[in-house]
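As the structure is a computational prediction, the values presented were derived from the model and not from experiment. The sequence lines fix the lettering, A, B, ..., with proteins before strands; numbering per chain opens at 1. Below, all heavy atoms of this structure are taken into account, side chains as well, without hydrogens, waters or symmetry copies.
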Protein chains: 2
Amino acid sequence: MDPVVPDSLRERKKRSTRRALRLAALSLVAEHGLDGVTTDEIAAAADVSPRTFFNYFAGKEDALVGNDPEVAGQLAAELTARPADEAPLDALRAVLDAYAATVSIDETFWSLRARVLEAHPHLRAALAGSSADLDRALTEALARRMGAPPTDLYPALAVAVATSAARTALWYAGTTGFTRPFRDVVGEAFDVLAAGLPAPLALGR
Amino acid sequence: MDPVVPDSLRERKKRSTRRALRLAALSLVAEHGLDGVTTDEIAAAADVSPRTFFNYFAGKEDALVGNDPEVAGQLAAELTARPADEAPLDALRAVLDAYAATVSIDETFWSLRARVLEAHPHLRAALAGSSADLDRALTEALARRMGAPPTDLYPALAVAVATSAARTALWYAGTTGFTRPFRDVVGEAFDVLAAGLPAPLALGR
DNA sequence: CGCCGAACTTGCAGTGACTGCAAGTTCGCA
DNA sequence: TGCGAACTTGCAGTCACTGCAAGTTCGGCG
């Protein structure tokens, strides 16, 4: 079951173009602003035809802030694989922490993305939206593992809150230039969550 | 300070066209699907010129799932108006509960919207995104009232989590046909939040 | 090795979202 | 009553995005 990705030449090429498009989009937008860049230019910068851009991304925003398509399924699978007696929030924390670990590897990429998000607040909306797929997948997995109907309030709530916390942590790590390890920030966010979001003690810092 | 809205003829007209456009968009999309409806048709159904549509909404999605522009500022103001010694989460709960109360009035509208969201999962992304403005406003207000820098993790986290919970509650109330009062659902969501998202006891329901 | 089918890329042509601009029109107010 | 501001509208243009129908590249099997 390990090589879910066959990693053939084809696969490697696909990943590489996808990445090239992502980077092209991010750098161009970082330099010229969101409306100063067309999809054609992005495609050109990544050395593919304009049409191909849309074989990889649903749109400009998706290229900038979207998740890779396999992520949702992968994380959902990891969630179902967690021990059955683990508390929901702990299971979610473990899954999202694993995700955070993968993020930490590609820090240049994420810094660039943070800069772009900073400069274009409108994209934060798209970012929140791009996690909708992930939320759906995780909610379904969590409901299943809890033996609850997928329309139940709790699983949806726990997932929405957890991914929301992770996203906020990513934003925070990004704006602070990743001076603190991202995983630590995620950990802190989940600690606060599990404690019921108490007011932080250190009010004068 | 009360009449923030002068409620002149002009204002009333504006609100009415905005509402007409919203309803037109929702009903048309409910009937013909997202891609079966053009902005021109929406404008026609609301008896305004195609161009005018864009004076009210940033796009089709905004008309379907966006918040009215004044909401963010209003809720932020209410947040700053809460007693200074109130715990952050309690203050947020109060503000969002007040919002929930206003929603409950217009239940037909929100049911229609829920139906549309159900049929077009893609719009849930847009919905999450549309609250980005609200999140920013609330975060700034909360940070100020806590005397924290606006880049601090806690305020952003608390707000993201709280609005996320409220949105989930709205989704839940919508999919269950508003059989339970929306405010109650919001209340329950916040209870769960404050308790640190413990696994619900009732596992076999 | 050579070949077939599947996957991927590309160009093309078309639809519709969205924008700035420059009139017109309506409303608020003195 | 009349002036200025706000709002509406039409127009023309740019660009995002899509389906389709070739071409091209890759994976695997005989």
>> Would Glu140(B) and Arg136(B) count as a salt bridge (Lys or Arg N to Asp or Glu O under 4.0 Å) here? Give the steps.
In response: CA-CA 6 Å; Glu140(B) 206 226 340; Arg136(B) 202 170 27 256; over 6 Å; no

> When you look at Phe109(A) and Leu26(A), which way does the side-chain contact (heavy atoms from CB on, under 4.5 Å) test go after all the steps?
Replying inline: CA-CA 9 Å; Phe109(A) 173 80; Leu26(A) 283 170; 3.5 Å; yes

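The overall bend of the helix from dC1(C)-dG30(D) to dA30(C)-dT1(D), read as the angle between its terminal helix axes built from five base pairs each, is 30° when rounded to 10 degrees.
For dC8(C), the OP1/OP2 oxygens have no side-chain nitrogen or oxygen of Lys13(A) closer than 4.0 Å. Phosphate contact (OP1/OP2 of dC8(C), side-chain N/O of Tyr56(A), threshold under 4.0 Å): absent. Between Ser49(A) and dT10(C) there is a side-chain N or O to OP1 or OP2 distance below 4.0 Å.
In this structure, Asn55(B) atom CG and dG10(D) atom C1' are separated by 12 Å, rounded to whole Å. In this structure, Leu21(A) places its CG atom 14 Å from P of dA16(D), rounding to the nearest Å. Note: CG (Leu34(B)) to P (dG16(C)) measures 13 Å, nearest angstrom. Between the CG atom of Leu9(A) and the P atom of dC8(C) there is a distance of 12 Å, rounded to whole Å. Regarding Asp35(A), its CG atom lies at a distance of 9 Å from the P atom of dA16(D), rounded to whole Å.
Between Val71(B) and Leu75(B) there is a side-chain heavy-atom pair separated by less than 4.5 Å. Contact check for Lys14(A) versus Arg10(A): no side-chain heavy atoms found under the 4.5 Å cut-off. Two residues are said to be in side-chain contact when any heavy atoms from C-beta on lie closer than 4.5 Å; Leu89(B) and Arg93(B) fail this criterion. Within the 4.5 Å cutoff, the side chain of Asn67(A) has heavy atoms near those of the Tyr99(A) side chain.
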Give me the distances for all protein-to-nucleotides 17-20 of chain C N/O pairs that come in under 3.5 Å?
from	atom 1	to	atom 2	distance (Å)
dA17(C)	OP1	Thr39(B)	N	3.3
dA17(C)	OP2	Thr39(B)	N	3.4
dA17(C)	OP2	Thr39(B)	OG1	3.0
dC18(C)	OP2	Lys60(B)	N	3.1
dG20(C)	N7	Arg51(B)	NH2	2.9
dG20(C)	O6	Arg51(B)	NE	2.5

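Side chains of Ser131(A) and Arg167(A): a donor on one and an acceptor on the other come within 3.5 Å.
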Report, one line per pair, each donor and acceptor closer than 3.5 Å where one atom sits in a side chain of residues 45-57 of chain B; sequence neighbours left out.
from	atom 1	to	atom 2	distance (Å)
Ser49(B)	OG	Arg51(B)	N	3.3
Ser49(B)	OG	Thr52(B)	N	3.3
Ser49(B)	OG	Thr52(B)	OG1	3.1
Tyr56(B)	OH	Thr17(B)	OG1	3.3

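Residue Val48(A) is the one, among Arg10(B) and Val48(A), whose nearest nucleotide of DNA chain C lies closer to the 5' end (criterion: closest heavy atom).
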